[in-house]
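A short worksheet on the structure shown next.
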Amino acid sequence: MSISNQETVRLEIKGHLGIITLARPDELNALNYETLERLGAIVEELRLSSKEVRAVLLQAEGRAFCAGADLKERRTLTEQQVRRNVRKIRDVFSALERLPQPTIALINGFAFGGGFELALACDFRFALREAKMGLTEVSLGIIPGAGGTQRLTRLIGPSKAKELILTARRITADEAFAIGFVNGVADSTEQLVQMANSLADEILANAPLAVYQAKAAIDRGASVDLQTGLDIETMCYEVIIPTKDRLEALEAFREKRKPVYRGE
């Protein structure tokens, strides 16, 4: 186990699981520029460690998952600096989305604006029942700028996405589950952690390179026509054919034992 400590974001590695923790609880884990830089560095570290770290949890300290952009900081910025921050948050979230490892967000409390978009950039989301969330930007005179208009639309469809975004509506965890934003709702923090870890364990039991290519095929094929998507699937499958893990799976099947995957 290794731990990398920083004031605003921490990374802990337990076996093949990476755990990112937002650590600005007094600021409701709002995203200032320093936090975005640190989160971006951690995401890059995880990308480079994909052989060792095979799944990622994203959690937060305190009573909020992430309240979005740090509006205290935002009030002090010039227009040019605001543009810089918007580009930064968009780029960091896109890098998170592109990680080969499956990512799981644990929404323990408020997730508004950029916090909602941060969860959207993950592959899976679980929420505490008492959590509140939403893309509330239009109530602040702006629009979602970190992928919210695009990722939410692809996840739940344009009509429902417009309803949530144009009303700046705040929804409950149960409502989020009903529309397909979260994969499950927990009644306690302990259950929230258990649900996320249980899913991670199921994923970690499988061949990591196959998991990565399956995720890539789904993500890359989601916005193309069927034939192009099938071509993408074929290309991703062909990446797996020469791997040692594929041969190990066949050998383990023959020997009637569990395969030992090494990410090779």
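One side chain, Gln227 or Asp231, offers a donor N or O that lies under 3.5 Å from an acceptor on the other. Residues Arg84 and Gln80 have side chains that never bring a donor and an acceptor to within less than 3.5 angstrom of each other. In the model, Ser94 has a side-chain atom that pairs as donor or acceptor with a side-chain atom of Arg151 under 3.5 Å. Looking at Gln59 and Thr21, their side chains do bring a donor and an acceptor atom within 3.5 Å of each other.
Contact check for Leu31 versus Cys66: side-chain heavy atoms found under the 4.5 Å cut-off. Put simply, the side chain of Val211 does not reach to within 4.5 Å of the side chain of Leu204, judged on heavy atoms. Contact annotation: the side chain of Met133 never approaches that of Phe110 to less than 4.5 Å [non-hydrogen atoms, C-beta and beyond]. Proximity of Gln213 to Tyr237: side-chain heavy atoms (C-beta onward) are nowhere separated by under 4.5 Å. Side chains of Leu226 and Leu230 form a contact here, defined as non-hydrogen atoms less than 4.5 Å apart. By the 4.5 Å heavy-atom criterion applied to side chains, Val53 and Gln101 are counted as neighbours. Side-chain atoms of Leu155 and Arg125, non-hydrogen and from C-beta on, do get closer than 4.5 Å to each other. Under the 4.5 Å side-chain criterion, counting only non-hydrogen atoms from C-beta, Leu58 is not in contact with Ile19.
Looking at Leu57, Ile104, Asn108, Val185 one by one, the single match for side chain to side chain contact (heavy atoms under 4.5 Å, CB included) with Phe126 turns out to be Ile104.
Residue Phe177 qualifies as open at atom CZ: its count of foreign heavy atoms under 6.0 Å is 12 or below. No more than 12 heavy atoms of other residues, nucleotides or ligands sit less than 6.0 Å from atom CD of Glu79. Within a 6.0 Å radius of CD in Glu233, no more than 12 heavy atoms belonging to other residues, nucleotides or ligands are found. Within a 6.0 Å sphere centred on CZ of Arg129, heavy atoms belonging to other residues, nucleotides or ligands number more than 12.
Between the side chain of Lys132 and the backbone N or O of Gly109 there is no donor-acceptor pair closer than 3.5 Å. Proximity of a side-chain donor or acceptor of Asn29 to a complementary backbone N or O of Ala64 within less than 3.5 Å is detected. Glu248 places a side-chain N or O within donor-acceptor distance of the main-chain N or O of Val260, the cut-off being under 3.5 Å. In this structure, Arg38 contributes its side chain and Glu34 its backbone to no donor-acceptor pair below 3.5 Å. Judged by distance alone, with hydrogens and angles left aside, the side-chain atoms of Ser198 form no donor-acceptor pair with the main-chain N or O of Gln194 at under 3.5 Å. Without hydrogens or angle criteria, Gln81 side chain to Thr78 main chain gives a donor-acceptor distance under 3.5 Å. Under the 3.5 Å distance criterion, the side-chain polar atoms of His16 are left unmatched by any main-chain donor or acceptor of Arg54. Looking at Thr103, its side chain does come within 3.5 Å of a backbone N or O of Asp123 through a donor-acceptor pair. Side chain of Thr167 to backbone of Glu163: a donor-acceptor contact under 3.5 angstrom is found.
Aromatic pair Phe65/Phe116: ring centres not closer than 6.0 Å.
Under the 6.0 Å distance and 45° angle rule, Arg170 counts as a cation-pi partner of Phe112.
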**Request:** Go through the steps to decide whether Thr35 and Asn32 satisfy the test side chain to side chain donor-acceptor pair (under 3.5 Å), and finish with yes or no.
**Result:** CA-CA 5 Å; Thr35 301; Asn32 60 7; 2.6 Å; yes
**Request:** For Leu135 and Thr149, run side-chain contact (heavy atoms from CB on, under 4.5 Å): C-alpha distance rounded to whole Å, both residues' side-chain angles, the deciding distance at 0.1 Å, then the answer.
**Result:** CA-CA 9 Å; Leu135 290 173; Thr149 63; over 6 Å; no
**Asked** Given Leu128 and Asp187, is the side-chain contact (heavy atoms from CB on, under 4.5 Å) satisfied, shown in steps?
**Response** CA-CA 6 Å; Leu128 197 61; Asp187 290 314; over 6 Å; no
**Message:** The test is side-chain contact (heavy atoms from CB on, under 4.5 Å); show your working for Ile240 and Leu209 and say whether it passes.
**Reply:** CA-CA 7 Å; Ile240 298 301; Leu209 297 180; 4.0 Å; yes
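A salt bridge links Lys51 with Glu264: the closest approach of a Lys/Arg side-chain nitrogen to an acidic carboxylate oxygen falls below 4.0 angstrom. The pair Glu61-Arg10 counts as a salt bridge, with a side-chain nitrogen and a carboxylate oxygen less than 4.0 angstrom apart. Under a 4.0 Å N-O distance rule, the pair Asp70/Arg24 qualifies as a salt bridge. No salt bridge links Arg169 with Glu175; every basic N to acidic carboxylate O contact stays at or beyond 4.0 Å.
Rounding to the nearest 0.5 Å gives a distance of 9.0 Å between CD of Glu44 and CG of Leu99. The line from CG of Asp245 to CZ of Arg262 is 9.0 Å long, rounded to the nearest 0.5 Å. Atom CG of residue Leu17 and atom CG of residue Asn197 lie 6.0 Å apart, to the nearest 0.5 angstrom. Atom OH of residue Tyr261 and atom CG of residue Asn206 lie 7.0 Å apart, to the nearest 0.5 angstrom. Between the CG atom in Leu164 and the NZ atom in Lys162 there is a gap of 13.0 Å [rounded to 0.5 Å]. For the atom pair CZ of Arg90 and CG of Leu36, the computed distance is 12.5 Å after rounding to the nearest 0.5 Å.
Between Ala121 and Leu96, the closest heavy-atom pair is CB-CD2, 4.0 Å. Contact between Glu27 and Lys72 at its shortest, heavy atoms only, is OE1-NZ, 3.6 Å. Summarising the geometry of Pro242 relative to Val239, their closest heavy-atom pair is CD-O, 3.4 Å, with the distance given to 0.1 Å. Of all the heavy atoms in Phe93 and Gly114, the pair that sits closest is CE2-O, 3.4 Å.
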